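Working notes, beginning with the structure itself.
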Amino acid sequence: MEELERRQGFMRAAIELAQQSVAGGGGPFGAVVVRDGTIIGRGHNRVTLDNDPTAHAEIVAMRDACRTSGDFRLERCELYVNCEPCPMCLAAAYWAHLERVFYAATTTDAAASGFDDAVIYQQLCMPAPQRSIGLTPLLRDEALGTFSAWQDKQDRIDY
């Protein structure tokens with residue numbers, strides 16, 4: 001029971017950030033990143049406040065956690081967010097190597113308030129030529145050199 005109460009406390013912190021965001025003119029999303037029982041990153045939705053479509057609560061919280069930890073990997077960390085992550089935020093959670101994501105409201109709940117990610121999920125499942133945003137290859141052979149340079153780099157830091 002103690003573990004459940006601890007996790008509920010972290011989720012309540014995320015919900016509180018979402019409530020503060022709405023009161024401050026942002027979107028209704030809040031998130032915290034937790035490592036070893038301590039919050040190391042906090043964020044709330046700043047999309048309209050910063051005119052930044054990537055400033056979702058989860059991304060803001062992960063950026064804060066990375067600054068706090070001094071590492072771009074958030075291994076052994078959990079993300080608590082008041083709503084199920086969108087595709088961008090879920091992808092960022094994978095890139096950050098998070099251990100687990102806890103969420104409260106669902107994408108269906110968010111859609112009922114005008115935040116519908118369904119179209120993005122649908123688009124990602126379609127072949128590239130059929131998507132509403134055109135994806136057109138250009139200068140592939142020239143670009144491949146950057147990957148060769150990366151592979152040859154002795155002091156690279158792998159993701």
Side-chain angles (χ1 to χ4, degrees), residues 1-125 131-133 135 146-147 150-151 153-159:
M1 192 63 167
E2 183 177 308
E3 180 69 13
L4 176 61
E5 290 174 3
R6 185 180 67 80
R7 287 187 170 150
Q8 289 174 338
F10 294 136
M11 184 59 75
R12 287 187 179 104
I15 293 168
E16 176 63 25
L17 284 166
Q19 292 168 335
Q20 290 172 9
S21 181
V22 171
F29 303 98
V32 297
V33 176
V34 175
R35 178 180 279 156
D36 300 326
T38 301
I39 295 175
I40 64 166
R42 291 175 170 80
H44 63 84
N45 185 279
R46 300 195 53 82
V47 171
T48 57
L49 297 172
D50 293 349
N51 292 317
D52 179 354
T54 69
H56 290 199
E58 300 94 323
I59 303 294
V60 174
M62 284 187 264
R63 288 175 180 160
D64 188 38
C66 289
R67 278 190 299 274
T68 298
S69 68
D71 196 349
F72 65 91
R73 286 179 174 260
L74 296 174
E75 294 168 329
R76 299 182 354 266
C77 288
E78 299 171 337
L79 175 67
Y80 293 79
V81 60
N82 72 303
C83 187
E84 187 175 356
C86 75
M88 175 184 70
C89 294
L90 186 56
Y94 279 101
W95 278 113
H97 300 272
L98 290 170
E99 189 172 291
R100 180 175 284 166
V101 175
F102 293 92
Y103 64 91
T106 67
T107 56
T108 303
D109 298 325
S113 293
F115 298 94
D116 194 357
D117 300 333
V119 69
I120 299 170
Y121 284 108
Q122 291 166 356
Q123 290 286 310
L124 291 174
C125 293
R131 295 179 187 166
S132 62
I133 296 177
L135 295 170
T146 59
F147 293 106
W150 172 256
Q151 289 172 330
K153 188 172 172 58
Q154 297 299 312
D155 63 342
R156 74 176 185 249
I157 300 172
D158 292 326
Y159 294 36

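Everything quoted here is computed from the prediction, not taken from an experiment.
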Exercise for the section: Taking all non-hydrogen atoms of both residues into account, name the closest pair between C89 and E58 and its distance. Expected result: SG-OE1, 3.4 Å
Handout entry: Under 3.5 Å: donor-acceptor pair, side chain of D109, backbone of T106
Key = yes
Handout entry: Gap separating the OG1 atom of T108 from the CD atom of E84, nearest 0.5 angstrom
Key = 7.5 Å
Handout entry: Minimum heavy-atom distance P53-M88, with the two atoms named
Key = O-CE, 3.9 Å
Problem - R156 (side chain) donor-acceptor with W150 (main chain) under 3.5 angstrom - result: yes
Exercise for the section: May I ask you to say whether E2 pairs ionically with R6, meaning some side-chain N is under 4.0 Å from a carboxylate O? Expected result: no
Handout entry: Side-chain heavy-atom pair H56, V60 within 4.5 angstrom cut-off
Key = no
Handout entry: ring-ring contact (aromatic ring centres under 6.0 Å, His included) between Y80 and Y103, intermediate numbers included
Key = CA-CA 6 Å; Y80 293 79; Y103 64 91; over 10 Å; no
Exercise for the section: Please assess E3 against R7 for the test salt bridge (Lys or Arg N to Asp or Glu O under 4.0 Å), listing each intermediate value before the final yes or no. Expected result: CA-CA 6 Å; E3 180 69 13; R7 287 187 170 150; 3.3 Å; yes
Practice task
Would you name the heavy atoms of N82 and G30 that are closest together and state the gap between them?
Solution key: OD1-N, 2.8 Å
Problem - Closest approach of I133 to Q123 (non-hydrogen atoms, all atoms of both residues) - result: N-OE1, 4.4 Å
Handout entry: Check: D52 main-chain N/O paired with D50 side-chain donor or acceptor under 3.5 Å
Key = no
Practice task
Taking all non-hydrogen atoms of both residues into account, name the closest pair between L74 and S69 and its distance.
Solution key: CD2-OG, 4.0 Å
Handout entry: Check: V32 and V34 side chains under 4.5 Å, non-hydrogen atoms
Key = yes
Problem - Residues D36 and R76 bridged, charged N to O under 4.0 Å - result: yes
Handout entry: Check: S21 side chain, P28 main-chain N or O, donor-acceptor pair, under 3.5 Å
Key = no
Handout entry: CE on M62 to CZ on F72, rounded to 0.5 Å
Key = 14.5 Å
Practice task
State the NE2-CZ distance between H44 and F29, to the nearest 0.5 angstrom.
Solution key: 13.5 Å
Exercise for the section: Can you establish whether the number of heavy atoms outside L135 located under 6.0 Å from its atom CG is more than 12? Expected result: yes
Practice task
May I ask you to say whether R35 pairs ionically with E75, meaning some side-chain N is under 4.0 Å from a carboxylate O?
Solution key: no
Handout entry: Nearest-0.5 Å distance, OH of residue Y121 to SG of residue C86
Key = 7.0 Å
Handout entry: Exam field: side chain E78 to backbone E99, donor-acceptor pair closer than 3.5 Å
Key = no
Practice task
State, to 0.1 Å, how close Y159 and H97 come at their nearest heavy-atom pair, and which atoms those are.
Solution key: O-NE2, 2.8 Å
Problem - Interatomic spacing from CD in Q8 to CD1 in I15 - rounded to 0.5 Å - result: 9.5 Å
Exercise for the section: Please tell me if the side chains of R67 and I40 come closer than 4.5 Å, counting only heavy atoms from C-beta onward. Expected result: no
Problem - Between CG on residue L90 and CG on residue D117, distance to nearest 0.5 Å - result: 10.5 Å
Problem - Short side-chain to backbone donor-acceptor contact, R42 and L17, under 3.5 Å - result: no
